[in-house]
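To start, the structure under review is shown below, and the notes come after it.
Chain naming here is simple, since letters A, B, ... match the order of the sequence lines and numbering starts at 1 in each.
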Number of protein chains: 2
Amino acid sequence: MTDTPIRLLLADDHPVVRAGLRAVLETEPGLVVVAEAATAEDAVTRAAEGDIDVVLMDLQFGKGMGGADATAQITARPGAPRVLIVTTYDSDADTLPAIEAGATGYLLKDAPPEDLAAAVRTAAAGRTTLAPTVADRLMNRLRTPAVTLTRRETEVLALVAGGLSNQAIGDRLHLTEGTVKSHLARVYAKLGVDSRTAAVATATDLGLIRR
Amino acid sequence: MTDTPIRLLLADDHPVVRAGLRAVLETEPGLVVVAEAATAEDAVTRAAEGDIDVVLMDLQFGKGMGGADATAQITARPGAPRVLIVTTYDSDADTLPAIEAGATGYLLKDAPPEDLAAAVRTAAAGRTTLAPTVADRLMNRLRTPAVTLTRRETEVLALVAGGLSNQAIGDRLHLTEGTVKSHLARVYAKLGVDSRTAAVATATDLGLIRR
DNA sequence: CGCGGTCTCTAACTTTCGATGGAGGCCGCT
DNA sequence: AGCGGCCTCCATCGAAAGTTAGAGACCGCG
């Protein structure tokens, strides 16, 4: 049963992390790192070549596409490799898009090497591994009815967090100030707050917007 | 001159990163990794044993002490090793405390391996290496006179960031609403903004308040 | 001891926000 | 076709926030 090894692609913009993953995974029998990618774009093109079983994907890349978009593009093709997210953060803003994009698993970089290898094998078999904190988060999502903001609401709130006035937001988004207010009023209701600064604070806590 | 190797301690809470640093640095002649630490506390005690030349220190540890505090404790002793910061972020809130704490250098994890090795050698010789973005940041600091907030101003601004109203801040701090407003007015002037949300945004960028 | 900076407070005034209660159009799903 | 989200817009009104222009008290430094 140990005939065909699992072929891996490492996608991370940090050379040190790639070297670490390589060092950790290549000591494992049955795992072979066949390629590395320093950008999300590279990962997409490399994964398309068809000789990869599992992609270990970071979410944050310094420039260009993010890991979530890359994951979506990779998993969109038929016969695509599995994508295992290996990242530093686990906020809602990170995990949910990645899972929606079709990731087969989600690990944190502080995971011990043996967990990593086990997750790779699980992913290769098409099953899911989630870091405990991520699993907790998902359970909470299901338990407490999701506080989800619409695209427009998130967009407006992000600009509020950037310090813009309602009028400035309206100009930026080609809306009237009144429309901006309506969006914000619904955001406040959803978040249970009554001011823009409070909305930014709790939305940041919930990981609904980027810091 | 290649007789005594440079002895290294790797301090990072991610096993993968430690493995990566080890892999990258041990291929370099004259460098030996003699110890690893998964927490800042461990790093401090291990560095005290006296057989270390350079500590590669992360700033973010999952739990407990941070890398900046650990750096301060390590460099405080006589005959202390050099501390080279190797981290992911380069905001003012990270770099400045670390440098104040006595770090000999500051690199980002996306640095290429050869830069890393070079920085270790430079650090061992007691000289400084800074990542370009960090150097830029320091130059800007010197060029634009420091935007420093007084204790009270920071205190008020932090509560604003928490989403409180001026009245609520006044109650919390035993001030009148008017006093809160005058503190904020001075904060706005210093930061060059004209609203509370903008103040929170730029103060967060500048690392003047915690997220 | 005077000077400068910080902290506190005041009062009146303008602008921006937020609440309220609609309303119409578009789109996807059934 | 009908229904439910989502997005857009409107007007009004009271409540915050921000502006301006002061002033007194404390404290450390030279």
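- Between A/Leu9 and A/Val34 there is no side-chain heavy-atom pair separated by less than 4.5 Å.
- For B/Glu155, the salt bridge (charged side-chain N to carboxylate O under 4.0 Å, His left out) partners at least two apart in sequence or on another chain are B/Arg152.
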Please report the C-alpha distance between B/His14 and A/Thr88 in whole Å, then the side-chain angles of each, then the deciding distance to 0.1 Å, and finally whether the side-chain contact (heavy atoms from CB on, under 4.5 Å) criterion is met. CA-CA 9 Å; B/His14 298 346; A/Thr88 311; 3.8 Å; yes

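- Taking the side-chain hydrogen bond (donor to acceptor under 3.5 Å, both in side chains) definition, one finds that B/Arg18 meets it with B/Glu36, sequence neighbours left out.
- With sequence neighbours excluded, no residue forms a salt bridge (charged side-chain N to carboxylate O under 4.0 Å, His left out) with A/Glu41.
- Counting only distance, with no hydrogens or angles, the side chain of B/Thr104 and the backbone of B/Thr128 share no donor-acceptor pair below 3.5 Å.
- Using a 4.5 Å heavy-atom cutoff, the side chains of B/Leu191 and B/Leu206 are in contact.
- Residue contacts shown for A/Thr150 are limited to sugar-phosphate atoms, with no base heavy atom under 4.0 Å away.
- A donor-acceptor pair under 3.5 Å links the side-chain atoms of A/Asp53 to the main chain of A/Arg7, judged by distance alone.
- Partners of B/Asp51 under the side-chain hydrogen bond (donor to acceptor under 3.5 Å, both in side chains) rule, at least two apart in sequence or in another chain, are B/Arg46.
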Candidate pair B/Val54 and B/Leu8, rule side-chain contact (heavy atoms from CB on, under 4.5 Å), full reasoning: CA-CA 5 Å; B/Val54 177; B/Leu8 305 176; 3.7 Å; yes

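- Residues forming a salt bridge (charged side-chain N to carboxylate O under 4.0 Å, His left out) with B/Lys109 (at least two apart in sequence, or on another chain): B/Asp12, B/Asp58.
- A straight line from CD of A/Glu177 to P of D/dC9 spans 12 Å, rounded to a whole angstrom.
- Non-hydrogen atoms lying under 4.0 Å from DNA chain D are contributed by A/Ser182, A/His183, A/Arg186, all within residues 182-195 of chain A.
- Counting non-hydrogen atoms under 4.0 angstrom, B/Gly178 reaches a base of the nucleic acid.
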Output a table of donor-acceptor pairs, distance under 3.5 Å, between side-chain atoms of residues 68-75 of chain A and any protein atom two or more places apart or on a different chain; print 'none' if there are none.
unit_1: A/Thr71; atom_1: OG1; unit_2: A/Gly67; atom_2: O; d: 2.7
unit_1: A/Thr75; atom_1: OG1; unit_2: A/Thr71; atom_2: O; d: 2.9
unit_1: A/Thr75; atom_1: OG1; unit_2: A/Ala72; atom_2: O; d: 3.3
unit_1: A/Thr75; atom_1: OG1; unit_2: A/Ala101; atom_2: O; d: 2.9

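- Where DNA chain C meets chain B (any atom under 4.0 Å from a heavy atom), the bounding nucleotides read 5' to 3' are C/dT6 to C/dT10.
- Contacts between residues 151-163 of chain A and DNA chain D, counted as heavy-atom distances below 4.0 Å, involve A/Arg151, A/Arg152.
- Rounding to the nearest 0.5 Å gives a distance of 7.5 Å between CG of A/Asp115 and CG of A/Leu107.
- The distance from atom NZ of A/Lys181 to atom P of D/dA15 is 15 Å, rounded to the nearest whole Å.
- Less than 4.0 Å separates DNA chain C from at least one heavy atom of each of the following residues of residues 165-175 of chain A: A/Ser165, A/Asn166.
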When you compare the protein's N or O atoms with those of nucleotides 23-27 of chain D, which come within less than 3.5 Å of each other, and at what distance?
none

Atom pairs and distances, donor-acceptor, side-chain atoms in residues 157-173 of chain B, under 3.5 Å, two or more places apart:
unit_1: B/Ser165; atom_1: OG; unit_2: B/Ala168; atom_2: N; d: 3.1
unit_1: B/Asn166; atom_1: OD1; unit_2: B/Arg196; atom_2: NH2; d: 2.2
unit_1: B/Gln167; atom_1: NE2; unit_2: B/Asp171; atom_2: OD1; d: 3.2

Evaluate the side-chain contact (heavy atoms from CB on, under 4.5 Å) criterion for residues B/Val17 and A/Val17: first the C-alpha distance (whole Å), next the side-chain angles of each, then the deciding distance (0.1 Å), finally the verdict. CA-CA 5 Å; B/Val17 173; A/Val17 174; 4.3 Å; yes

